[in-house]
Amino acid sequence: MQQSIAHVALVVRDYDEAIDFYINKLNFILIENTEQPGQDKRWVVVSPPGSVGTTLLLTKASKEEGRYIGNQTGGIVFLILHTDDFWRDYKEMIVKGVEFVSEPNEQPYGTVAVFKDLYGNLWDLIERSSDHLSPK
C-alpha cells in the first residue's frame with residue numbers, strides 16, 4: 001500500500017487576500033484557482049517553489065468556521081516551511097513585511113524562526129542541518 005497526504009486545508013477569510021499573501025510574500029506558486037459552481041467556493045491550491053509534496057488548500061471559512069481563522073491549532077506552530085537557504089528566505093520575508101515572532105536561532109536540527117501568516121497562524125521557517133536532513 002502507498003498513501004500520501006495531498007493537501008493541508010487552511011481556513012482563510014478571503015481567497016484573494018490569501019492568494020496575495022502566499023504568492024507575493026512567501027513566493028508560493030498558484031497551482032489551481034477554480035470556481036466551484038453553485039457552492040460559493042473555489043478550489044485554491046498553492047505550493048512553495050520547488051515542492052513536490054503536500055500542497056496547501058486555501059478554503060474559505062463559513063460563518064461557523066470563522067472563529068478558527070488564524071487559530072486552527074490553538075496557538076501552536078501549525079505548518080513548517082523547509083528551505084534550502086534560511087537567510088535568503090528570512091531576509092526576503094522581512095523585506096516583504098512578514099512578521100516573525102521569534103529571532104532566528106540555531107538548533108541541533110537546523111536554523112529556525114517562527115513567523116505569522118496573514119491571519120496569525122504560526123509557521124516555522126527552517127533550514128535543516130546536513131546531519132538532520134530527511135532521508136530521500
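For the numbers below, each heavy atom of this structure counts, side chains included, while hydrogens, waters and symmetry mates do not.
Here the closest heavy-atom approach between residue S129 and residue P108 is recorded as OG-O, 3.1 Å. Of all the heavy atoms in T54 and S51, the pair that sits closest is O-OG, 4.1 Å. Residues N27 and P49 come closest through the heavy atom pair O-CD, 3.3 Å. Of all the heavy atoms in I5 and V8, the pair that sits closest is CG2-CG2, 4.5 Å. Smallest separation of non-hydrogen atoms from F115 and V98: CD1-CG1, 3.6 Å. Residues A9 and T59 share a closest heavy-atom pair of CB-CG2, 4.2 Å.
Side chain of N71 to backbone of G75: a donor-acceptor contact under 3.5 angstrom is found. When atom types are taken as modelled, the side chain of S4 and the backbone of A6 share no donor-acceptor pair closer than 3.5 angstrom.
Using a 3.5 Å distance cut-off with no hydrogens or angles, the side chains of Q72 and N121 do not pair a donor with an acceptor. A donor-acceptor pair shorter than 3.5 Å can be found between the side chains of E106 and T111.
Under the 4.5 Å side-chain heavy-atom criterion for Ile, Leu, Val, Met, Phe, Trp and Tyr, I76 and L79 are members of distinct hydrophobic clusters. With hydrophobic clusters built from ILVMFWY side chains whose heavy atoms lie under 4.5 angstrom apart, L57 does not share a cluster with L10. In terms of hydrophobic clustering, with Ile, Leu, Val, Met, Phe, Trp and Tyr side chains grouped at heavy-atom distances under 4.5 Å, I31 and I23 are assigned to different clusters. Following chains of ILVMFWY side-chain contacts shorter than 4.5 Å, one cannot reach I29 starting from I19, and the two form parts of different hydrophobic clusters. Hydrophobic clustering of Ile, Leu, Val, Met, Phe, Trp and Tyr side chains at less than 4.5 Å, counting indirect connections, keeps V45 apart from L56.
Contact of the D117 side chain with the F21 side chain is registered, since non-hydrogen atoms from C-beta on lie closer than 4.5 Å. Between F78 and L122 the shortest side-chain heavy-atom distance does not fall below 4.5 Å. D124 has its side chain out of reach of H82: every pair of non-hydrogen atoms, C-beta onward, lies at least 4.5 Å apart. Contact of the L26 side chain with the V46 side chain is not registered, since no non-hydrogen atoms from C-beta on lie closer than 4.5 Å. Taking 4.5 Å as the limit, every side-chain heavy atom of E127 sits out of range of all side-chain heavy atoms of D84. Here the side chains of W87 and E92 are not in contact, with every heavy-atom distance at 4.5 Å or above. At least one side-chain heavy atom of Y22 sits less than 4.5 Å from a side-chain heavy atom of L118.
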Might you work through the side chain to side chain contact (heavy atoms under 4.5 Å, CB included) test for K41 and Y15, ending with a clear yes or no?
-> CA-CA 9 Å; K41 292 183 179 182; Y15 291 116; 3.7 Å; yes
Full working for side chain to side chain contact (heavy atoms under 4.5 Å, CB included) between F28 and L81 = CA-CA 11 Å; F28 279 34; L81 181 61; 4.1 Å; yes
Verdict with supporting geometry, I69 and V12, side chain to side chain contact (heavy atoms under 4.5 Å, CB included) = CA-CA 6 Å; I69 297 171; V12 302; 6.0 Å; no
Determine, step by step, whether I126 and Y109 satisfy the side chain to side chain contact (heavy atoms under 4.5 Å, CB included) criterion, reporting the C-alpha distance in whole Å, the side-chain angles of both residues, the deciding distance to 0.1 Å, and the verdict.
-> CA-CA 9 Å; I126 183 169; Y109 54 83; 3.4 Å; yes
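Residues F100 and Y90 place their aromatic rings such that the two centres sit under 6.0 Å apart.
Using a 4.0 Å cut-off between charged side-chain N and carboxylate O, E17 and R13 make a salt bridge. Look at D16 and R42 and you find a salt bridge, because one of the NZ, NE, NH1 or NH2 atoms lies within 4.0 Å of a carboxylate O, short of that distance.
Atom CD of E32 is separated from atom NE2 of H7 by 8.0 Å, given to the nearest 0.5 angstrom. For the atom pair CZ of F86 and CZ of R128, the computed distance is 14.0 Å after rounding to the nearest 0.5 Å. Separation of atoms CG (L58) and CG (N33) is listed at 9.0 Å; rounding is to 0.5 Å.
More than 12 heavy-atom neighbours from other residues, nucleotides or ligands sit within 6.0 angstrom of CD on Q39. The environment of CG in N105 is crowded: more than 12 heavy-atom neighbours from other residues, nucleotides or ligands sit within 6.0 Å.
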